[in-house]
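To start, the structure itself, in structure tokens.
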Amino acid sequence: MKKILFAASECVPFIKTGGLADVVGSLPKYFNKEEYDVRVMLPKYLCIKEELRSQMKYVTHFYTDFYWRNQYVGILEMEYQGVKFYFIDSEFYFGGPWPYSNMYEDIEKFSFFSKAVLSSLPLIGFRPDIIHCHDWQTGLIPVYLNDSFQGDPFFWGIKTIFTIHNLKFQGTWDVNTIRNVTGLSDYYFTSDKLESYNNGNLLKGGLVYADKITTVSNSYAEEIKMPFYGEGLDGLLRARSNSLSGIVNGIDYNFYNPETDADIEANYNIKTVFDQKPKNKEALQKELGLEVNPNAFMIGIVSRLTDQKGFDLIDCVIEQICSEDVQLVVLGTGEARYENLFRFYANKYPDRVSASIFYSEALSHRIYASCDAFLMPSLFEPCGLSQLMSLRYGTLPIVRETGGLRDTVQPYNEIDGSGTGFSFANYNAHEMLGIINYAKKVYYTDRKAWDKMVVAAMEKDFSWNTAARTYEKLYDELLGSNFPIDVDAEKEEKEAK
Ligand code: ADP
Ligand code: GLC
């Protein structure tokens with residue numbers, strides 16, 4: 001059995017602020033359980049729903065020196081949908097109302113988490129062969145593993161993988177503070193290690209010390225080797241390109257399933273989509289107070305409202321997007337300027353623009369199920385899950401050709417009628433507007449072509465089955481052909497249980 005431990009800062013159903021949580025919460029379910037024992041370790045935030053927190057069982061606790069304090073570290077565990085989860089308990093660090101706060105506090109919090117993950121391994125009866133780290137919050141795990149933990153033979157030979165979900169967030173602060181907080185020596189703060197443009201950088205630690213680096217689409221794996229997308233680390237990623245690969249995300253096809261989704265008005269599948277989907281549209285129009293009109297071209301947006309997602313383009317031409325034959329349905333939270341932009345237009349055109357400025361899993365499903373098109377004109381997009389959810393529900397994505405959007409949405413080809421959506425190349429508002437209007441034209445004047453794409457979109461398979469097999473291959477490659485090296489130890493461990 002190959003043992004893998006995921007370490008991450010968020011994971012459904014426990015805590016979610018973005019797609020990272022969907023990936024960490026669903027991918028582990030889809031490994032071949034005969035060969036891979038994949039478990040997950042997370043912070044035990046106080047803001048996890050009580051209903052879930054109360055199901056966690058105490059395993060043990062210990063104290064550790066961290067920064068200038070001696071800290072309590074509790075370990076809890078819980079099995080959920082066949083996957084074993086461990087939680088690192090520290091009310092001092094994880095007691096806030098939200099998993100993240102300001103960067104300075106987060107750096108301390110997640111440095112603590114990274115150290116606690118490693119320190120707890122000898123106590124939980126699970127020695128991973130690979131620790132699979134996700135995003136900057138876990139960037140120090142490969143660093144610490146290479147450092148003081150090498151003093152204990154228990155840790156010898158543990159491999160690490162670092163997956164980049166978003167290169168923009170790096171966990172940077174001044175070198176002195178990071179050195180003091182992490183307890184790492186001067187040796188680590190040079191430009192070939194954790195120092196980056198005069199700051200300390202936790203993500204960079206992960207990228208330098210992990211055995212393998214992956215990111216969540218092939219296009220993004222290429223893009224980040226270039227300055228425009230590289231966020232200052234393109235040189236390092238070029239240098240490590242032999243260890244870097246892209247594996248496109250999937251989504252949980254059991255959870256995002258129009259046939260069984262309890263949150264939508266009318267369930268449907270590929271055969272019933274054209275009868276049932278309009279019922280969802282009508283219900284959503286009623287729910288949101290829009291004009292009830294089956295012919296309106298309904299465009300959805302479900303997103304963090306940040307500049308990554310291309311809202312500057314929308315801002316520029318929103319008046320033209322919101323023409324009389326269009327309905328725009330927005331669900332999202334984020335930067336005030338975008339929240340207010342959509343509030344303003346919802347006020348101005350109450351029968352055709354709706355702005356839900358909050359977080360709602362259930363409403364997001366209704367939007368995926370009800371809209372005709374889904375708009376995602378991102379400036380950059382490591383993978384993007386929303387467009388995959390749209391495809392699954394037969395809602396055609398309109399996207400910019402970047403990162404995972406480029407890899408997962410096949411643009412409409414009017415010559416042969418192929419495609420699963422619409423796309424444009426340059427980060428340019430009028431180019432986007434042109435393609436929205438083109439989509440609208442196809443919708444209104446060639447419904448046969450549109451419907452053919454709806455079927456093609458629903459036929460696409462972006463379940464985890466493909467990606468999980470690719471991760472398995474990567475694990476195998478990393479562990480080498482002689483695995484398991486120590487069969488006797490495995491046997492002893494089993495017998496001891
Ligand atoms: P990112 O991780 O960059 O935010 P993704 O497309 O990978 O983008 O994932 C976003 C996830 O968060 C999707 O599951 C999307 O449905 C969900 N989401 C974003 N904003 C909201 C919201 N306000 N309400 C409900 N779900 C949301
Ligand atoms: C990040 C990216 C998004 C990706 C998600 C899961 O939040 O912004 O593109 O889908 O991680 O990998």
Side-chain angles (χ1 to χ4, degrees), residues 6 8-13 15-27 99-100 132-138 162-170 203 214-221 223-224 229 231 246-253 255-256 261 263-264 300-311 329-335 338-339 342 354-371 374-393 395 397 399-400 402-409 462 464 467 471:
F6 276 36
S9 61
E10 49 182 281
C11 170
V12 292
I15 192 93
K16 168 168 166 178
T17 73
L20 168 66
D22 290 304
V23 174
V24 177
S26 52
L27 171 58
Y100 309 117
H132 189 156
C133 308
H134 298 267
D135 271 356
W136 76 264
Q137 294 86 352
T138 55
F162 188 88
T163 294
I164 304 167
H165 295 264
N166 196 331
L167 196 62
K168 177 116 189 151
F169 303 111
Q170 304 189 351
L203 176 93
T214 71
T215 187
V216 288
S217 68
N218 292 310
S219 287
Y220 195 60
E223 288 170 347
I224 55 179
Y229 294 98
E231 306 288 347
I247 303 176
V248 83
N249 282 332
I251 54 170
D252 195 332
Y253 264 39
F255 184 63
Y256 293 99
D261 195 326
D263 289 317
I264 66 177
I301 293 177
V302 178
S303 183
R304 290 184 291 121
L305 302 179
T306 68
D307 50 6
Q308 171 191 340
K309 302 293 177 177
F311 289 110
V329 174
V330 181
L331 170 64
T333 57
E335 289 173 36
Y338 302 130
E339 293 187 346
F342 292 119
S354 152
S356 301
I357 309 299
F358 50 81
Y359 187 92
S360 164
E361 186 71 44
L363 179 56
S364 77
H365 288 224
R366 289 198 282 280
I367 295 177
Y368 293 125
S370 308
C371 291
F374 187 86
L375 182 59
M376 204 165 166
S378 304
L379 172 61
F380 68 94
E381 197 59 72
C383 179
L385 302 175
S386 295
Q387 83 281 11
L388 303 182
M389 294 161 189
S390 302
L391 291 168
R392 174 82 166 138
Y393 285 80
T395 298
V399 302
R400 191 171 91 82
T402 184
L405 298 174
R406 178 167 173 263
D407 294 354
T408 57
V409 178
F462 288 108
W464 276 113
Y471 280 111

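Since we're looking at a predicted model, the values are computed, not measured. Counting starts at 1 for both ligands and their atoms, in listed order.
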| Given Glu381, which of Lys309, Arg406, Arg400 fulfils the salt bridge (charged side-chain N to carboxylate O under 4.0 Å, His left out) condition? | Lys309
| said: If the cut-off is 4.0 Å to any non-hydrogen atom of Gly332, which atoms of ligand 1 fall inside it? | reply: 23 (N)
| Counting N and O atoms only, with roles assigned by atom type, does the side chain of Asn166 sit under 3.5 Å from a partner on the main chain of Lys168, one being a donor and the other an acceptor? | yes
| task | Would you tell me which option among Glu381, Lys309, Glu361 has the nearest heavy-atom contact to atom 8 (O) of ligand 1? | result | Lys309
| Any N or O of Gln387 closer than 3.5 Å to N or O of ligand 1 | no
| query | Applying a strict 4.0 Å limit to heavy atoms, is His165 in contact with ligand 1? | reply | no
| query | Is it true that the side chains of Thr17 and Tyr359 contain a donor and an acceptor less than 3.5 Å apart? | reply | no
| task | Distance to 0.1 Å, residue and atom name: give those for the protein heavy atom nearest to atom 22 (C) of ligand 1. | result | Tyr359 CD1, 3.4 Å
| request: Say whether, by atom type as modelled, one donor and one acceptor occur between the side chain of Ser217 and the main chain of Gly404 under 3.5 angstrom. | output: yes
| task | Among all protein heavy atoms, pick out the one at the shortest distance from atom 12 (O) of ligand 1; state its residue, atom name and that distance to 0.1 Å. | result | Lys16 CE, 3.6 Å
| query | Can you say whether the rings of Tyr220 and Phe380 are parallel (under 30°), tilted (30 to 60°) or perpendicular (over 60°)? | reply | parallel
| Angle class for the Phe311/Tyr338 ring planes (parallel below 30°, perpendicular above 60°, tilted otherwise)? | tilted
| query | Among all protein non-hydrogen atoms, which one is nearest to atom 6 (O) of ligand 1, and what is the separation to 0.1 Å? | reply | Leu385 N, 2.8 Å
| request: Would you please determine whether Ser360 falls within less than 4.0 Å of ligand 1 on a heavy-atom basis? | output: yes
| said: Could you check whether any side-chain N or O of Ser303 sits under 3.5 Å from a backbone N or O of Gly332, counting only pairs where one atom can act as donor and the other as acceptor? | reply: no
| Nitrogen or oxygen of Val302 less than 3.5 angstrom from that of ligand 1 | no
| message | Would you compute the distance between atom OG1 of Thr408 and atom CG of Leu385 and round it to the nearest 0.5 angstrom? | response | 9.5 Å
| message | One residue to check: Ser303. Relative to ligand 1, which of side chain, backbone, both or neither has a non-hydrogen atom less than 4.0 Å away? | response | backbone
| task | Give yes or no for whether the N/O distance cutoff of 3.5 Å, strictly under, is met between Thr333 and ligand 1. | result | no
| request: Examine Thr17 against ligand 1 and note whether any of their N/O atoms are separated by less than 3.5 Å. | output: no
| query | Any donor-acceptor pair under 3.5 Å linking the side chain of Ser219 with the backbone of Asp407? | reply | no
| note | Distance col, row Ile164:CD1 vs Thr214:OG1, nearest 0.5 angstrom, shows 7.5 Å
| remark: Sequence neighbours excluded, the answer for side chain to side chain contact (heavy atoms under 4.5 Å, CB included) partners of Ser360 is Phe358, Ala362, Leu363
| query | If you count the atoms of ligand 1 from 1 in the order shown, which ones are under 4.0 Å from a heavy atom of Gly384? | reply | 6 (O), 7 (O)
| message | Please list the nearest protein heavy atom to atom 23 (N) of ligand 1 with its residue and the distance rounded to 0.1 Å. | response | Phe358 O, 2.9 Å
Close N/O pairs between ligand 2 and protein, under 3.5 Å:
residue, atom, partner, partner atom, Å
ligand 2, 8 (O), Gln308, NE2, 3.1
ligand 2, 9 (O), Glu381, OE2, 2.5
ligand 2, 9 (O), Cys383, N, 3.0
ligand 2, 9 (O), Gly384, N, 2.9
ligand 2, 10 (O), Gly384, N, 2.8
ligand 2, 11 (O), His165, O, 3.4
ligand 2, 12 (O), His165, ND1, 2.6
ligand 2, 12 (O), Asn249, ND2, 2.8

| query | How are the rings of His365 and Tyr393 set relative to one another: parallel (under 30°), tilted (30 to 60°) or perpendicular (over 60°)? | reply | perpendicular
| Any N or O of Leu20 closer than 3.5 Å to N or O of ligand 1 | no
| remark: In ligand 1, the atoms that come under 4.0 Å of a heavy atom of Ser386 are 6 (O), 13 (C), 15 (C)
| task | Please report which non-hydrogen protein atom sits nearest to atom 4 (O) of ligand 1, along with the residue it belongs to and the distance in Å to one decimal place. | result | Arg304 NE, 2.6 Å
| query | Got the closest protein heavy atom to atom 2 (O) of ligand 1, with its distance? | reply | Gly19 N, 2.6 Å
| Checking Asp135 side chain against His165 main chain: does a donor-acceptor pair fall under 3.5 Å? | yes
| said: Considering non-hydrogen atoms of the protein only, which is the closest contact for atom 15 (C) of ligand 1, and what is the distance? | reply: Tyr368 OH, 3.4 Å
| Heteroatom proximity flag, Gly18 to ligand 1, N/O under 3.5 Å | no
| Where on Phe380 is there a heavy atom closer than 4.0 Å to ligand 1, on the side chain, on the backbone, on both, or on neither? | neither
| Whether Glu339 side chain and Leu305 backbone form a donor-acceptor pair below 3.5 Å | no
| message | Please report whether ligand 1 has a polar contact with Asp22, defined as an N or O pair separated by less than 3.5 Å (distance criterion only). | response | yes
| Can you tell me if Thr138 uses its side chain to pair, donor with acceptor, with the backbone of Ala8 under 3.5 Å? | no
| task | Test the Arg392-Tyr253 pair against the cation-pi criterion, namely NZ or CZ under 6.0 angstrom from the six-membered ring centroid and within 45° of the ring axis. | result | yes
| query | Is the shortest distance from a Lys or Arg side-chain nitrogen in Glu335 or Arg304 to a carboxylate oxygen in the other one below 4.0 Å? | reply | no
